[in-house]
Amino acid sequence: MADTKTGIGASVRRKEDLRFITGKGNYTDDINLKDQTIGYFLRSPHAHAKIKGINTAKARKMDGVVGIFTGEDVAKDKLGGLICGWMIHSKDGSPMKAGPHPVLALDKVRFVGDQVALIVAETKEQARAAAQAIVVSYDVLPHVVDVAKAMKSKANVHDLAPDNRVFNWSLGNEADTNAAFAKAAHVTSMDIVNNRLIPNAMEPRAAIGSYDTGTESYTLYTTSQNPHVARLVISAFHGLAPEHKLRVIAPDVGGGFGSKIFIYGEEVACVWASKFIGGRPIKWTGERSESFLCDAHGRDHVTKAELAMDASGKITGMRVHTKASMGAYLSTFSAAVPTYLYGTLLSGQYNIPNIYVEVDAIYTNTAPVDAYRGAGRPEATYVVERLVETAARELKMDPAEFRRKNFVTSFPHQTPVIMMYDAGDYGASLDKALAMADYKNFTSRKAESAKNGKLRGVGFSAYIEACGIAPSAAVGSLGAGVGLWESAEVRVNPIGTVEILTGSHSHGQGHETTFAQLVSERLGVDINNVLIVHGDTDKVQMGMGTYGSRSGAVGMTAISKALDKIEAKAKKIAAAVMESSVNDVEFKDGTFTIKGTDKKMGFGEVALASYLGHKFNTSEIELGLKESAFHDPSNFVFPAGVHICEVEVDVDTGLTKIASYTAVDDFGNLINPMIVEGQVQGGVAQGIGQALLEGAVYDEDSGQLLTGSFMDYNMPRAANMPHIENFQLGFTCTPCPSNPLGMKGCGEAGAIAAPPAVINAITHALGVRDIAMPATPLTVWTAMQSMKIAAE
Amino acid sequence: MENFNYHRPATVLAAAAMLKKSKDGKYMGGGHTLLPTMKQGLASPTDIIDLTAIKNFGGIKLSKTMVTIKAGTTHMEVATSKEIKKAIPALAEMAGKIGGVHVRHKGTIGGSIANADPAADYPSACLGLGATIETNKRKIEADKFFTGMFETALKAGEIITAVHFPIPKKSAHQKFPNPASRYALTGVFLSQDAKGKVRVGVTGAAASAFRATDIEAALAKDFSAKSASSVKIAAKGLMSDMHATAAYRAHLVSVLAGRAVAAAK
Ligand SMILES: Cc1cc2nc3c(=O)[nH]c(=O)nc-3n(C[C@H](O)[C@H](O)[C@H](O)COP(=O)(O)OP(=O)(O)OC[C@H]3O[C@@H](n4cnc5c(N)ncnc54)[C@H](O)[C@@H]3O)c2cc1C
């Protein structure tokens, strides 16, 4: 749009923020229904135990108790268990071993925090008191929390997987890859650990479940990134009620980062149990300690990775074997994460002719592991970028030039691991990042740091990721239980304001603004006259939700397609009203004009005309202005970029500071650069968190989560970030060819790119090959001590 | 959290009497340690005796040789006190590094010292400055006050009323925060008095705050950063957890003591 500053490419302030930052958001916990009760979950104190019996007799008689539900009640009512929506087959063709995952534990508990009973009472205090009066007798079983040890442990998490292995998946050509290694002039080999993370969205999970005894239908308010998928699963797999008798509403949601994609037992239990207490709504708001214990965690990989090179430094092969912890149960999308979202990204930005990856997915007695900001791609990028950096150092090549030498330079590019990269210019991002980071003067900065007792290092991360998610038929053939399209409906009101109904779900991303910008650009409507409706299965017919940086590339494309139809129909009406041929109608900046005449109509006038039906033949042109569209992507989108991190390590204490951080990203066309920058900054903050601060620790002996609160789990703070002046963002642009807006995804890039950039910088500063994440002061100091000892 | 009776006495005497009468009562200062432990179910007192309504329970007084901080004074009041900034700048700085702004506005010196968290900051200042802790019953030297993890010389029902800090010639506080909680992973409070006597109080490293007497001895001979940082502290007896090993804490004590000497003013 030429004459407004709210169209595509404008850094419009977020429409939703005033409401959020003045406390006027409407989150699940803000909602209170008539006759509401409070739900409270009794949880397992043990990592692994048989439930011998649950005595609720005393608790049931306590003040205010409305109902108590256990796994037996769930089983009696034949409510189905939680599912994993992606079927992975092992190398030998056998299907993955999905153990039972009941809504409330039945017979056995498998991790500390596993939900054993739902206590419903008038108040939370009463529910908690009753929970304390329940006597559960447990037979404690051996447990295992360490993914590296689980296959040889005497603990057996699920009977159907005696060695705790869920599947042994592979991708790529093993024989060719082995041959490449046999011929290699140099091989770089590393053991790489990707630390377990706890998402910690600002808003804990919450639910209100209710049953209407009159209409015999259920309503679930919940903190979900994809309410329609929740309805589908609860309806089709749990068998609670058919979809038309189940409404799922995800109102304002305070952050998800993946952890609110999944269907969890607590939410299902609340909506199910309401029927047994006369339809009274049951509200559960998770406490922060429950978020730590029970929200799906992220990462937790142990990998052996090798890179083969010829004498000139060209990469000829990559071989990877990963043990991926799945936790105690297979969460909703867990099986896809260490497979098709991981193995397929191992080619990075590089031309690697031969890749072979094998993944053992393994049960442990820990919280389930599933998608967390980046989901698989951070793990892949960490493997690739640590390997590449280390290889460059071993070959005594500049790490930037070693990368450049191996970059993919022509597109489309077919990797050996499924992906077909459609567009990119990796060299352009590298050049820009090198210039912005002033790489050529690094040595003088290093000398300056040394004067202050600081070791300075620089690290690169040339990441690529695949998001938006692929054609439904393709993901279906790879085991997905759903399609990964998106839907949109555009409703134009008679006065020309616009309602967009979308299956995407905003929980921090700013859809109310960016989606409105698209409408403003296309229809010339003020963004304040656009309403974005989402998160309610009774309003939006069907949708796949928001994760995998897909709301732009897939969600907005669906809107764009529906807008195409609106425009086409509006043109027909405009032509009829202005008594001209539709071929002569032009639409620009919100005005319809007739070629070669001075006839014109505003968008609002056409909207009104469409509902009046006075001036066109309503048997030829249907009344109204309302269109919908589904969009199935024809490919993943491939955001890529180069991030450069400089660190300063304090020699005395091992404390690492991010001295500077430069992110150059290619997200194709940007709708709202300010929001994109915010996404990059937030993602990088999470990536720095993974590299320096965050790590979930389970105690081997007791199986307890040691990092169960912010006293021990270190979330990034402003002070851990580089100073804003040293935190530079830059963009390059190769428009994405697979969607009309030319967009790629930007939501996860920062979290994907940052960890290897930071760790490459620390290992560079110290002159060591590897350092574990999180590189805490203790870890770094300990590494420096062993170097000192080695030097002596 | 369990239900409890809430009292708000106006005098120290009344507070002490209420505690005596209660079944399992607890005094409350800022509540910023007590309330979180109650929320977690780690403490469930029958009675809370809130000390903050007691008249003149907080406040700062200065003499030529002494800074007196009354028990109900918040960390924020200490951090921003002009007099303390002048007399013992390191003490104001230390208070300014406790927790976040909310914590500093609620937490009190009395509560912090009575609680004797091994990672709390005030205990190092008490030891490093040679403070005297005054209660409703007596005066206790800091050196005899901190007796173990969350343990002090306070008898049942005893109320801290004030802490007296002698004004040194120089002092400094160095804190290496726990990366997650921001309590002291290790903290050192150092002072040198007019006669040249050096005191080095250490917190966060052991079950209880202690004086690093080896470093004090080294600094008595040679008051230099190098002299402090080259003292090797024994790791034995220090705490080990996921954030720091005993060896790392021992190392930090020397490093921070060296930095404190360099920063002392
Ligand atoms: C998020 C957070 C971060 C924190 N970070 C730090 C930190 O970095 N460094 C640090 O040192 N501390 C830290 N604290 C602790 C904080 O300083 C506390 O406020 C303080 O330790 C206790 O003071 P209070 O007045 O809140 O005591 P309360 O919580 O009220 O009481 C603590 C204990 O002392 C007893 N008590 C209180 N007053 C008296 C008295 N006058 N006489 C006898 N007994 C008394 C109570 O009965 C109770 O047992 C933090 C706390 C929080 C919540």
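Residue numbers begin at 1 in each chain, while the letters A, B, ... track the order of the sequences.
With a threshold of 4.5 angstrom between heavy atoms, B/Phe176 approaches chain A through side-chain atoms but not through N, CA, C or O. Residue contact with chain A, scored on non-hydrogen atoms closer than 4.5 Å, is absent for B/Gln40. No part of A/Pro774 comes within reach of chain B, as not one of its non-hydrogen atoms sits under 4.5 angstrom from that chain. Neither the backbone nor the side chain of A/Leu693 comes within contact range of chain B; no heavy atom of the residue lies under 4.5 Å from a heavy atom of that chain. Contacts between A/Thr653 and chain B at a heavy-atom distance below 4.5 Å involve backbone atoms as well as side-chain atoms. Only the side chain of B/Asn178 comes within contact range of chain A, with at least one heavy atom under 4.5 Å from a heavy atom of that chain. Proximity to chain B (any heavy atom under 4.5 Å) is shown, for A/Asp699, by neither the backbone nor the side chain.
Counted by atom type alone, B/Glu216 and B/Thr213 present zero donor-acceptor pairs between their side chains at under 3.5 Å. At a cut-off of 3.5 Å, with distance as the only test, a side-chain donor of A/Gln690 or A/Asn195 sits close to an acceptor on the other residue. Under 3.5 Å, the side chains of B/Asp50 and B/His7 contain no donor-acceptor pair of N or O atoms. With no hydrogens or angles considered, no side-chain donor-acceptor pair links A/Gln704 and A/Tyr698 at under 3.5 Å.
Put simply, the residue from A/Lys124, A/Glu125, A/Gln126 that forms a side chain to side chain contact (heavy atoms under 4.5 Å, CB included) with A/Glu122 is A/Gln126.
Ring to ring, A/Phe710 and A/Phe292 are close: their centroids are under 6.0 angstrom apart.
Within residues 254-265 of chain B, the residues having any heavy atom closer than 4.5 Å to a heavy atom of chain A are B/Val255, B/Arg259, listed by residue number.
A donor-acceptor contact shorter than 3.5 Å links the side chain of B/Ser240 to the backbone of B/Ala246.
For the atom pair A/Lys454 NZ and A/Thr656 OG1, the distance stands at 11.0 Å (nearest 0.5 Å).
By the 4.5 Å heavy-atom criterion applied to side chains, B/Thr147 and B/Ser208 are not counted as neighbours.
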